[in-house]
Enquirer: 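Got a structure for you, written out below as structure tokens; questions coming shortly.
All values below come from the heavy atoms of this structure, side chains included, with hydrogens, waters and symmetry mates left out.
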Amino acid sequence: MEKYLKNSENIVIFSNLQNLIFKHNIKDINKNIIKLYKNLKKLNKNIIIPTFNLNFPETKKTSYSTNDITTGYLSKYLVKKFKLKRSSKPMYNYAVSGPNAEYICNLKQSSAWGDDSVLGYLVNNNSYGLGINIDPKIFNWLVIHYCEENSKVPYRYFKTFKGKNTSTKKTVKEKMYVRNYSKNKIEDGSKMNKILLKNKIIKKLNFDIFDIYLLPFNKYYDIAKNKLSKNKFFLVKNEK
């Protein structure tokens, strides 16, 4: 794993641990999460963990509590286990450790996936997505949204969501390039994944009980940008 990540600055962790729960007890899963995290820490990279609250548009409430994290068990576990800095946006919030953690957490993020967002920073600064036990054929890597916003796809539009952060007692808001449901299109990165797998841009590794997939964000973006320049609907399919 180290040889693939040696030229990276940032590592973004995604996971799908659902199937592991049926094969391993929770203590073994936690043990492996900690082991992987500590191994990554030794590389002295920025480690970014999505701690999104995708319920915010409906509830209009957010906080720094793990109860408001909707990105799964691993994200909640690492935030509880380690002292991680948190960015401030109510929906597309991140927990970060590493040499540039302060800078990353304080990015302006004028919109959730724009150039001055955490995601924009990651796409443009030697970042790898690290997917744990994902399905590499259908997983929608987060970078897909940067590609959509950057290419101004016609099935999304900007909308601002407002509410309250109950940890800080402050009013918060976030601008997001949301899906236009009337266009009847749903996100689908499977065509991109097929290209990435065929060209061995996505690498598969094993780490104890985990299957790990590594993706350089800039390679995804370069290919997707080219495809979107020819077909603005390349990253979606018709919703059934």
Enquirer: With the side chain counted from C-beta on, respond yes when Ile34 and Tyr77 share a heavy-atom pair under 4.5 Å apart, and no when they do not.
Expert: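 A side-chain contact under 4.5 Å exists here.
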Enquirer: Report the distance from atom CG of Leu40 to atom CG of Leu130, rounding to the nearest 0.5 Å.
Expert: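 Here the rounded value is 6.0 Å.
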Enquirer: So, do Ile201 and Leu215 sit near enough that their side-chain heavy atoms are less than 4.5 Å apart?
Expert: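 They are in side-chain contact.
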Enquirer: Determine, for Phe56 and Lys61, whether the Lys NZ or Arg CZ falls below 6.0 Å from the six-membered ring centre while staying within 45 degrees of the axis.
Expert: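 No, Lys61 and Phe56 do not form such a contact.
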Enquirer: Group every Ile, Leu, Val, Met, Phe, Trp and Tyr by side-chain heavy-atom contacts under 4.5 Å, then state whether Tyr64 and Tyr73 land in the same group.
Expert: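 Tyr64 and Tyr73: separate clusters.
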Enquirer: Side chains of Arg156 and Asn180: any donor to acceptor distance under 3.5 Å?
Expert: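 Side chains of Asn180 and Arg156: no pair found under 3.5 Å.
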Enquirer: Could you state whether Phe139 and Ile195 fall into the same hydrophobic cluster, counting links through intermediate Ile, Leu, Val, Met, Phe, Trp or Tyr residues with side-chain heavy atoms under 4.5 angstrom apart?
Expert: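 Phe139 clusters together with Ile195.
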Enquirer: Taking the side chain as everything from C-beta on, heavy atoms only, tell me whether Glu148 gets closer than 4.5 Å to Tyr155.
Expert: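 Side-chain contact under 4.5 Å: yes.
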Enquirer: In terms of hydrophobic clusters joined by side-chain contacts under 4.5 Å, are Ile209 and Leu214 together?
Expert: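 Per the 4.5 Å side-chain linkage, Ile209 and Leu214 are co-clustered.
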Enquirer: Heavy-atom count check: over 12 atoms from other residues, nucleotides or ligands less than 6.0 Å from Lys232 NZ?
Expert: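 Yes, because the 6.0 Å sphere around NZ of Lys232 holds more than 12 heavy atoms from other groups.
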Enquirer: Using the rule given for side chain to side chain donor-acceptor pair (under 3.5 Å), can you reason through Asn238 versus Lys185, listing the C-alpha separation, both sets of side-chain angles and the distance that settles it, and then say yes or no?
Expert: CA-CA 5 Å; Asn238 289 331; Lys185 301 292 181 184; 2.5 Å; yes
Enquirer: Within the 4.5 Å heavy-atom criterion, are Leu122 and Val12 side-chain neighbours or not?
Expert: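 Yes; the side chains approach each other to less than 4.5 Å.
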Enquirer: Just verifying a value: how many Å separate Phe161 CZ and Glu174 CD, rounded to the nearest 0.5 Å?
Expert: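 CD of Glu174 is found 9.0 Å from CZ of Phe161.
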Enquirer: Is the Tyr177 to Trp113 ring centre distance short of 6.0 Å?
Expert: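 Ring centres of Trp113 and Tyr177 not closer than 6.0 Å.
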Enquirer: With distance as the sole test, does Ser75 use its side chain to make a donor-acceptor pair with the main-chain N or O of Pro50 at under 3.5 Å?
Expert: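 Pair found, side chain donor or acceptor close to backbone of Pro50.
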Enquirer: Decide ring-ring contact (aromatic ring centres under 6.0 Å, His included) for Tyr94 and Phe52; before the verdict, give the C-alpha distance in whole Å, the side-chain angles of both, and the deciding distance to 0.1 Å.
Expert: CA-CA 7 Å; Tyr94 301 82; Phe52 304 158; 5.2 Å; yes
Enquirer: Before accepting this row, confirm whether a basic side-chain N of the pair Lys85/Glu102 lies closer than 4.0 Å to the acidic partner's carboxylate O.
Expert: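 Judged by the 4.0 Å cut-off on N to carboxylate O distance, Lys85 and Glu102 do form a salt bridge.
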Enquirer: Check whether the side chains of Ser63 and Asp68 place a donor and an acceptor atom closer than 3.5 Å, and report yes or no.
Expert: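 Ser63 vs Asp68: donor-acceptor pair found between side chains.
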Enquirer: Is the closest side-chain donor-acceptor distance between Glu149 and Ser111 under 3.5 Å?
Expert: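 Their side chains do contain a donor-acceptor pair, which is all the 3.5 Å distance test asks for.
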Enquirer: Could you walk me through whether Ile47 and Phe82 satisfy the side chain to side chain contact (heavy atoms under 4.5 Å, CB included) test, starting with their C-alpha distance in whole Å, then the side-chain angles of each, then the deciding distance to 0.1 Å, before giving a yes or no?
Expert: CA-CA 12 Å; Ile47 300 173; Phe82 298 100; over 6 Å; no
Enquirer: Do Ile48 and Ile132 share a hydrophobic cluster (ILVMFWY, side-chain heavy atoms under 4.5 Å, transitive)?
Expert: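 Ile48 and Ile132: separate clusters.
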Enquirer: Shared ILVMFWY cluster between Leu74 and Phe207, side chains joined below 4.5 angstrom?
Expert: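 Yes; Phe207 is reachable from Leu74 via cluster members.
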Enquirer: Flag this pair as yes if the NZ/CZ of Lys175 is under 6.0 angstrom from the six-membered ring centre of Phe158 and inside a 45 degree cone about the axis; otherwise no.
Expert: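 Relative to the ring axis of Phe158, which defines the angle, Lys175 lies inside both limits.
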Enquirer: State the OG1-CG distance between Thr71 and Asn53, to the nearest 0.5 angstrom.
Expert: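 Between atom OG1 of Thr71 and atom CG of Asn53 there are 9.5 Å.
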Enquirer: Less than 3.5 Å apart, any donor N or O on the side chain of Asp116 or Tyr121 sitting next to an acceptor on the other?
Expert: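 Absent: no donor and acceptor within the cut-off.
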Enquirer: Taking Lys203 for its side chain and Met1 for its backbone only, find out whether a donor-acceptor pair lies under 3.5 Å.
Expert: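 A pair under 3.5 Å: no.
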Enquirer: Do other residues, nucleotides or ligands put more than 12 heavy atoms under 6.0 Å from Lys183 NZ?
Expert: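 Result for NZ/Lys183: open.
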Enquirer: Side chain to side chain donor-acceptor pair (under 3.5 Å), that's the test. Do Asn124 and Tyr146 meet it? Break it down for me.
Expert: CA-CA 11 Å; Asn124 291 294; Tyr146 177 80; 3.3 Å; yes
Enquirer: Can you confirm whether Val96 sits close enough to Leu84 that some side-chain heavy atom of one is under 4.5 Å from a side-chain heavy atom of the other?
Expert: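 No, too far: nothing below the 4.5 Å cut-off.
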Enquirer: Does NZ in Lys191 sit with more than 12 non-hydrogen atoms of other residues, nucleotides or ligands closer than 6.0 Å?
Expert: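 Counting neighbours around NZ of Lys191, more than 12 heavy atoms of other residues, nucleotides or ligands fall under 6.0 Å, so yes.
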Enquirer: Have a look at Thr62 and tell me which of Ile69, Val172, Thr166 forms a side-chain contact (heavy atoms from CB on, under 4.5 Å) with it.
Expert: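 Exactly one pass, corresponding to Val172.
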Enquirer: Would you say the rings of Phe217 and Tyr128 are close, in the sense that their centroids are separated by under 6.0 Å?
Expert: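 No, they do not, as the ring centres are separated by 6.0 Å or more.
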Enquirer: Tell me, do Asn19 and Asn133 make a side-chain contact under 4.5 Å, heavy atoms counted?
Expert: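 Not touching, per the 4.5 Å side-chain cut-off.
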Enquirer: When you check the side-chain N and O atoms of Thr51 and Asn93, is any donor under 3.5 Å from an acceptor?
Expert: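 Yes, side-chain donor-acceptor contact under 3.5 Å.
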